[in-house]
Amino acid sequence: MGSHSSTQNVDHLAAHGAGHNADHGSVQSYLIGFVLSVILTVIPFWAAMTGYFSKSIAIPLIVVLAVVQVVVHLKYFLHLNFSTKGQANTFAFLFTALIIVMFVGLSIWVIYASNAMMMH
């Protein structure tokens, strides 16, 4: 009985390990992510350093490209997907992001409110 259960455990671990490795990206996907990250870094850097765009265009451009870069990192480096298979990881990430945004946002709100009350 003991050898039968250990065989099942080995089979289960092998099956789980094979699925786990399939979740990781290939060299090609890492290269795609790297190239996209470099492009999404160079464009805002160029826009800020050259002054080619007006400030009203450069700031939204930088913000949009920053959001796109976050999505690229989530997909190509953190392997976050929105399929049913990766749903638990996706919800955990979204919950963590929500807590961080709330913490930072509310902290800024408190700081500005405190500053406003001290100035009057």
Side-chain angles (χ1 to χ4, degrees):
M1 184 73 156
S3 65
H4 179 62
S5 65
S6 66
T7 304
Q8 285 177 337
N9 287 340
V10 170
D11 290 341
H12 174 70
L13 291 173
H16 179 65
H20 184 66
N21 289 339
D23 290 341
H24 292 298
S26 64
V27 172
Q28 181 182 6
S29 75
Y30 282 119
L31 286 175
I32 291 170
F34 175 73
V35 169
L36 288 173
S37 294
V38 168
I39 291 169
L40 292 169
T41 300
V42 168
I43 293 171
F45 185 78
W46 170 80
M49 293 302 291
T50 62
Y52 183 77
F53 297 109
S54 68
K55 199 173 193 180
S56 62
I57 293 174
I59 291 175
L61 174 70
I62 292 169
V63 170
V64 167
L65 291 176
V67 170
V68 171
Q69 188 163 108
V70 167
V71 172
V72 166
H73 281 256
L74 291 175
K75 177 168 177 36
Y76 289 102
F77 299 120
L78 297 177
H79 311 293
L80 192 67
N81 59 21
F82 294 99
S83 68
T84 55
K85 184 178 176 185
Q87 198 170 20
N89 288 337
T90 302
F91 283 133
F93 171 77
L94 291 175
F95 180 72
T96 303
L98 175 69
I99 296 299
I100 291 170
V101 167
M102 287 175 56
F103 184 75
V104 171
L106 292 173
S107 296
I108 291 171
W109 182 33
V110 166
I111 290 169
Y112 277 118
S114 299
N115 186 37
M117 286 193 286
M118 292 177 76
M119 292 298 171
H120 287 349

**Q** Supply the atom-to-atom distance His79 NE2 to Ser29 OG, rounded to the nearest 0.5 angstrom.
**A**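 It comes to 6.0 Å.
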**Q** With rounding to the nearest 0.5 angstrom, report the OG to CH2 distance, Ser114 to Trp109.
**A**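 Rounded to the nearest 0.5 Å, the OG-CH2 separation comes to 11.0 Å.
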**Q** Taking atom CG of Leu98 and atom CZ of Phe91, what is their separation to the nearest 0.5 Å?
**A**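 Between atom CG of Leu98 and atom CZ of Phe91 there are 13.0 Å.
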**Q** Does Val35 belong to the same Ile/Leu/Val/Met/Phe/Trp/Tyr cluster as Tyr76, with side-chain heavy atoms less than 4.5 Å apart forming each link?
**A**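 Yes.
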**Q** Which residues satisfy the ring-ring contact (aromatic ring centres under 6.0 Å, His included) test with Phe77, sequence neighbours excluded?
**A**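 Counting only residues at least two positions away or on another chain, Phe77 forms a ring-ring contact (aromatic ring centres under 6.0 Å, His included) with His73.
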**Q** Please report the closest heavy-atom contact between Ala47 and Phe53, naming both atoms and the distance.
**A**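 Scanning both residues, the minimum pair turns out to be CB-CD1, 3.9 Å.
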**Q** Which residue pairs pass the side-chain hydrogen bond (donor to acceptor under 3.5 Å, both in side chains) test when at least one of the two sits in residues 40-65, sequence neighbours left out?
**A**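 The answer is Thr41-Gln69, Ser54-Ser56.
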**Q** If hydrophobic clusters are built from ILVMFWY residues whose side chains come within less than 4.5 Å, do Val104 and Tyr112 share one?
**A**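 Shared cluster, yes.
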**Q** Measuring from atom CZ of Phe93 to atom CG of Leu74, what distance do you get when rounded to the nearest 0.5 angstrom?
**A**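 Answer for the CZ-CG pair, Phe93 versus Leu74, is 4.0 Å.
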**Q** If hydrophobic clusters are built from ILVMFWY residues whose side chains come within less than 4.5 Å, do Leu65 and Ile39 share one?
**A**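 Per the 4.5 Å side-chain linkage, Leu65 and Ile39 are co-clustered.
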**Q** Could you tell me the separation between the CG atom of Leu80 and the OG1 atom of Thr90, rounded to the nearest 0.5 Å?
**A**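 Taking CG in Leu80 and OG1 in Thr90, the distance rounds to 4.0 Å.
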**Q** Membership question, hydrophobic clusters at under 4.5 Å side-chain separation (ILVMFWY): are Val68 and Val70 in the same one?
**A**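 Per the 4.5 Å side-chain linkage, Val70 and Val68 are not co-clustered.
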**Q** Side chains of Pro44 and Leu40: does their closest heavy-atom pair fall under 4.5 Å?
**A**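 Answer no - side chains too far apart.
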**Q** To the nearest 0.5 Å, how far apart are CD1 in Ile62 and CD1 in Ile57?
**A**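 If we round to the nearest 0.5 Å, Ile62:CD1 and Ile57:CD1 are 12.0 Å apart.
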